[in-house]
Amino acid sequence: MKGQRIAILGESRNGRLAQQIAANGGRIMASVGATTTMLVVAADEPFGYVRYDAEFKKAEARRLAGDDIHIVSASALLSTLPDRRDV
């Protein structure tokens with residue numbers, strides 16, 4: 001996660017998900033911007049109504065334009081992180 005600039009959709013930027021990301025070296029962003037490398041959605045794919053959120057649309061537009069930004073569910077991301085119970 002080191003070097004990743006991550007926006008979170010559907011959960012607090014100060015919540016447990018954000019803490020786990022930060023504990024693994026990710027930097028939490030306030031919103032999707034030009035330097036954001038990942039949007040983590042606190043919902044399961046195919047994301048349903050979340051697809052209509054402005055932040056999701058920005059991330060998807062950047063991805064379709066060829067930018068290196070990934071859109072993943074929180075559960076998919078957490079499954080790749082080491083189990084950190086101290087967070």
Side-chain angles (χ1 to χ4, degrees):
M1 303 256 24
K2 189 170 182 145
Q4 296 287 326
R5 299 171 66 88
I6 301 167
I8 299 173
L9 179 60
E11 190 172 302
S12 169
R13 289 185 335 199
N14 300 326
R16 185 163 174 76
L17 174 60
Q19 291 174 3
Q20 288 178 291
I21 291 169
N24 283 282
R27 181 170 176 199
I28 304 301
M29 308 300 296
S31 63
V32 174
T35 62
T36 306
T37 58
M38 185 182 302
L39 174 65
V40 178
V41 181
D44 291 324
E45 291 189 54
F47 301 130
Y49 71 91
V50 175
R51 292 185 173 279
Y52 299 104
D53 186 273
E55 294 300 306
F56 189 94
K57 286 181 177 182
K58 281 195 280 186
E60 193 168 56
R62 285 193 50 223
R63 187 178 56 79
L64 292 173
D67 290 345
D68 189 21
I69 184 169
H70 303 278
I71 302 173
V72 299
S73 69
S75 59
L77 177 67
L78 291 174
S79 72
T80 66
L81 298 179
D83 186 16
R84 302 221 18 174
R85 298 190 191 277
D86 58 336
V87 176

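Residues: numbered from 1 along the sequence shown.
Between A74 and A42, the closest heavy-atom pair is CB-CA, 4.0 Å. Closest heavy-atom contact between I69 and A59: CG2-O, 3.7 Å. Contact record, V50 with A43: CG2-CB, 4.2 Å, taken as the closest heavy-atom pair.
A distance of 11.5 Å separates CG of L77 from NE2 of H70, quoted to the nearest 0.5 Å. The line from NZ of K57 to CG of L64 is 13.0 Å long, rounded to the nearest 0.5 Å. Note that OG of S73 and CG of L39 are 11.0 Å apart. Values are rounded to the nearest 0.5 Å. Note that CE of M29 is 11.5 Å distant from CD1 of I8, once rounded to the nearest 0.5 Å.
When each of I71, I6, L78 is tested with V40 by the rule side chain to side chain contact (heavy atoms under 4.5 Å, CB included), just one qualifies, namely I6.
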Taking it one step at a time, do D53 and V41 satisfy side chain to side chain contact (heavy atoms under 4.5 Å, CB included)? CA-CA 11 Å; D53 186 273; V41 181; over 6 Å; no
One pair to check against salt bridge (Lys or Arg N to Asp or Glu O under 4.0 Å): R51 and E60. What are the steps and the verdict? CA-CA 9 Å; R51 292 185 173 279; E60 193 168 56; 3.2 Å; yes
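With hydrophobic clusters built from ILVMFWY side chains whose heavy atoms lie under 4.5 angstrom apart, L9 does not share a cluster with L17. By the criterion of side-chain heavy atoms lying less than 4.5 angstrom apart, applied directly or through intervening Ile, Leu, Val, Met, Phe, Trp or Tyr residues, F47 is grouped together with V32 in one hydrophobic cluster. The same ILVMFWY cluster, assembled from side-chain heavy atoms under 4.5 Å apart, contains both I21 and V72.
In this structure, the side chain of T36 does not engage the main chain of R5 through any donor-acceptor pair within 3.5 Å. Here the side chain of E55 pairs no donor or acceptor atom with the backbone of S31 at under 3.5 angstrom. Judged purely by atom type and a 3.5 angstrom limit, Q4 has no side-chain atom pairing as donor or acceptor with the backbone of M38. Here the side chain of R62 pairs a donor or acceptor atom with the backbone of A34 at under 3.5 angstrom.
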